[in-house]
Visitor: 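Next up is a structure, given as structure tokens.
In each ligand, atom 1 is the first atom listed, and ligand 1 is the first ligand listed.
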Amino acid sequence: MNHLISIEDLDRAAIERILDRAESFAEIAGREIKKVPALRGRTVVNLFYESSTRTSSSFELAAKRLSADVVSVRSTGSSVEKGESLRDTVQTLSAYEPAAIVIRSPHAGAARLLAGWTDASVVNAGDGKHEHPTQALLDVFTLRRRLGRLDGASIWIVGDVLHSRVARSNILAFQRMGAKVTVCGPPTLLPRGIEALGCAATPTLERLGEADVVYVLRMQRERMQEAFIPSLREYAERYQIGVGRLRTGQLLMHPGPVNRGVELSADAIDSPVSLIGEQVRAGVAVRMAVLYELLVGAAAPAVAA
Ligand code: NCD
């Protein structure tokens, strides 16, 4: 595997291999010196054309913990702001002969395009509304740790599915791991024909009790050019997940950043059933495993200390 653009690039065996390796990297995170020499002498470029806290910081840490040299470029403060095109920027950065380029872009398809322009391995860190495969992997990792396996689990993805690349990647990844997925949200925020991905769709929370896992999405107001909902208050009344809407035993997830008081209530975010903190922690180990898979190879032996 050269690139990670979409969850479709991965079969179940590949997902499991990456997650098993992430487990061994998570163990390294518990050591005093959190580094392995796997990528010593190789360069990883992080190219972020859209805002990011978790994804950019965890990719940076992941590459550093593998001992790579890391260059992080953000659109603000770089020549991208001066109008340099993606193609020209990549050509410039190619002078450093990167082994991998991690890209986040507001445009669906940007990562795939980039893969055609460079010899480096490309990792999609979110392309518009399309996909965010490493988020899906870290979510599967988090759930696998908690549940042992995803087979037969019922996972509800609730909220702004229409604008969410996380939803798309997670539907594919959860199903590949044997879970049943239901998406739920106002009809205006559920993409038409979403069931073609294999999931169920419903406009109400009535049957939320069936879910083992409630995965809540952020209202992506920056991607909304028109009014998709009457008001945030009304949205919150009908779809906000608070502790009162969860039954005992259900687990709660969210990719972050959370709009507190919109899609999630404060009590839910901080409740013991929330895996939000674990999701963030999983990010570094899982992204280390993805870089390792692409740059060292699937056939490589277990992680060297
Ligand atoms: C997600 C993203 O950027 O797609 N966030 C993330 O990577 N942790 C989800 C979101 O922005 O709502």
Visitor: Check this for me - ligand 1, P255, N or O atoms closer than 3.5 angstrom, yes or no?
Guide: yes
Visitor: Identify, by atom number and element, the atoms of ligand 1 in contact range of Q135, meaning under 4.0 Å from any of its heavy atoms.
Guide: 6 (C), 7 (O), 8 (N)
Visitor: Say you draw a straight line from CG of D160 to OG1 of T188; how long is it, rounded to the nearest 0.5 Å?
Guide: 8.5 Å
Visitor: Identify, by atom number and element, the atoms of ligand 1 in contact range of R104, meaning under 4.0 Å from any of its heavy atoms.
Guide: 2 (C), 3 (O), 7 (O)
Visitor: Take every heavy atom of G126, measure it against each atom of ligand 1, and state whether any distance is under 4.0 Å.
Guide: no
Visitor: Determine the minimum heavy-atom distance between L138 and G283, stating which atoms define it.
Guide: CD2-CA, 3.8 Å
Visitor: Quick one about R221 and N259 (side-chain donor to acceptor, distance below 3.5 Å, no hydrogens or angles considered), yes or no?
Guide: yes
Visitor: Counting only heavy atoms not in D11, do more than 12 fall under 6.0 Å of its CG?
Guide: yes
Visitor: Could you establish whether E50 and ligand 1 come within less than 4.0 Å of each other, counting only heavy atoms on the residue side?
Guide: no
Visitor: So if I count the atoms of ligand 1 from 1 in the order they appear, which ones are less than 4.0 Å from some heavy atom of Q220?
Guide: 10 (C), 12 (O)
Visitor: I need the nearest protein heavy-atom contact for atom 3 (O) of ligand 1: residue, atom name and distance, please.
Guide: R165 NH2, 2.9 Å
Visitor: Quick one: look up the protein heavy atom nearest atom 11 (O) of ligand 1 and list residue, atom name and how far away it is.
Guide: R218 NH2, 2.9 Å
Visitor: What are the atoms of ligand 1, with element, lying closer than 4.0 Å to any heavy atom of H132?
Guide: 2 (C), 4 (O), 6 (C), 7 (O)
Visitor: Heavy-atom contacts with V166 under 4.0 Å: which atoms of ligand 1 show up? List them by number with element.
Guide: 1 (C), 4 (O), 9 (C)
Visitor: Can you tell me the protein heavy atom closest to atom 5 (N) of ligand 1 and the distance?
Guide: G256 O, 2.9 Å
Visitor: Any Lys/Arg nitrogen of R146 or D212 sitting under 4.0 Å from an Asp/Glu carboxylate oxygen of the other?
Guide: no
Visitor: State whether R223 and E50 are salt-bridged, where the test is any N-O pair (Lys NZ or Arg NE/NH1/NH2 against Asp/Glu carboxylate O) under 4.0 Å.
Guide: yes
Visitor: Under the side chain to side chain donor-acceptor pair (under 3.5 Å) criterion, do D139 and Q279 qualify, and how do the steps go?
Guide: CA-CA 6 Å; D139 289 331; Q279 290 172 266; 2.7 Å; yes
Visitor: Taking the six-membered ring of F59, is NZ or CZ of R287 closer than 6.0 Å to its centre and within 45° of its axis?
Guide: yes
